[in-house]
2 protein chains.
Amino acid sequence: MLAALGHPQRLRIIARLAEGRVHVSELARRMGISRPLLYMHLERMEKAGLVTGDLELSPDGKAMKYFQLVPFDVRLSVDTVLDALRADEVAQRDEAARMDQGSRNDDREGPDDMQEPRS
Amino acid sequence: MLAALGHPQRLRIIARLAEGRVHVSELARRMGISRPLLYMHLERMEKAGLVTGDLELSPDGKAMKYFQLVPFDVRLSVDTVLDALRADEVAQRDEAARMDQGSRNDDREGPDDMQEPRS
DNA sequence: GTCACCTGTCAGTGTTGACTAACAGGGTGC
DNA sequence: GCACCCTGTTAGTCAACACTGACAGGTGAC
């Protein structure tokens, strides 16, 4: 999420979306950037949970993808960063364990040299 | 600042520095990354005001650069993003005006160095 | 039919970022 | 002298990102 916010263009997208939901082409026109570029940014932001997109049909039958802002309010401090890191560590360990479980019955790849350098 | 935080490696640096001040070589060793790479990250973070570095002489006379964390506590929401954007807009406008002034008065630049935008 | 909208995706390009190996220099201690 | 710490900077590689132009497809209005 921080990576998604760490780009001026994307912050400006947030500012535009704060005024209300817009469809992609209109937003690209207002911001003066190309549509594919806007797509990339929106995709990133959607993955980060900052925006959501809905494909709707306008009254005259045209398909339009409307994006809108997902309100967020996060406290960003040393402690929250530490907590997030710990949570991520646990999540990765769980995922690794799940992968290990899967590969035990399925396909034996890496022998044992992929040991995580923990300290 | 968000760009500086938007990288996992740098978040891990924060975690390490949260345990206390360390000098560069030691930190690089603990994290298992090369020293120049660590330099780059630290430089970025120092520019963002997240860490500070002090070159000190250890008791045995060796020069060592100790880095330490600058505690931060920021609220990150749609409104704060909007405020930051507005502030940045104003700052850029001022800078543009100053540049214009400078070019008008020949080479009138320099006495006031990098004004930091964040408080 | 053509025009004017829209969506989605592709192959490209230039730039920035992340990263490594290797350098030069300075101290202490032997 | 050499070995072992540290700092700071360079050149260079490699992958990811930011971005553009052009494509294919859809719809309704003229």
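In what follows, chains are A, B, ... by sequence order, proteins preceding strands, each numbered from 1. None of these values were measured; they are calculated from a predicted model.
Note on A:His41: every side-chain N or O is 4.0 Å or more away from OP1 and OP2 of D:dC17. Between B:Ser25 and D:dC5, a side-chain N or O to OP1/OP2 separation shorter than 4.0 Å is absent. When the side-chain nitrogen and oxygen atoms of B:Arg10 are compared with OP1 and OP2 of C:dG17, none of them lie within a distance under 4.0 Å. Taking side-chain N and O atoms only, A:His23 has a distance below 4.0 Å to OP1 or OP2 of C:dC6. Considering only side-chain N and O atoms, B:Ser34 lies under 4.0 angstrom from the phosphate OP1 or OP2 of C:dT20.
As rounded to whole Å, 11 Å separates atom C1' of C:dA4 from atom CG of A:Asp60. Put simply, CG on B:Leu11 is 15 Å from C1' on C:dA18, counting in whole angstrom units. Remark: P of C:dG27 and CG of B:Leu57 are 9 Å apart, rounded to the nearest angstrom. Note: CD (A:Glu56) to P (D:dT27) measures 18 Å, nearest angstrom. Per the geometry, CE belonging to A:Met31 stands 13 Å off C1' belonging to D:dC19, to the nearest Å. Regarding B:Glu26, its CD atom lies at a distance of 10 Å from the P atom of D:dT7, rounded to whole Å. Distance, A:Met40 CE to D:dA16 C1': 10 Å, rounded to whole Å. Whole-Å rounding puts the A:Leu27 CG to C:dT7 P distance at 10 Å.
Here the shortest heavy-atom pairing between B:Leu38 and B:Val24 reads CD2-O, 3.4 Å.
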Interface polar pairs with nucleotides 8-10 of chain D, N/O, under 3.5 angstrom:
unit_1	atom_1	unit_2	atom_2	d
D:dG8	OP2	B:Tyr39	OH	2.5
D:dG8	N7	B:Arg35	NH1	2.9
D:dG8	O6	B:Arg35	NH2	2.9

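Among the nucleotides D:dC6, D:dA18, C:dC6, the one closest to any side-chain atom of A:His7 is D:dA18.
Sorted by first then second residue, the salt bridge (charged side-chain N to carboxylate O under 4.0 Å, His left out) pairs that include residues 48-57 of chain A, not counting sequence neighbours, are A:Arg21-A:Glu56.
Looking at B:Arg16, its side chain never comes within 3.5 Å of a backbone N or O of B:Ala28 through a donor-acceptor pair. Remark: the backbone N or O of A:Leu85 is not paired with any side-chain donor or acceptor of B:Arg12 at under 3.5 angstrom.
Remark on DNA chain D: of its neighbouring residues A:Gln9 and A:Lys62, the 5'-side contact belongs to A:Gln9, judged by nearest-heavy-atom nucleotide. Comparing A:Ile33 and A:Gly61 by the nucleotide of DNA chain D that holds the closest heavy atom to each, the one mapping nearer the 5' end is A:Ile33.
Linking ILVMFWY side-chain heavy atoms closer than 4.5 Å, directly or via other members, places B:Met40 and B:Leu17 in two distinct hydrophobic clusters. Residue B:Tyr66 is not grouped with residue B:Leu42 when hydrophobic side chains (ILVMFWY) are merged at heavy-atom distances under 4.5 angstrom, including chains of intermediate members. A chain of hydrophobic side-chain contacts below 4.5 Å, direct or via other Ile, Leu, Val, Met, Phe, Trp or Tyr residues, connects B:Leu5 to B:Met31.
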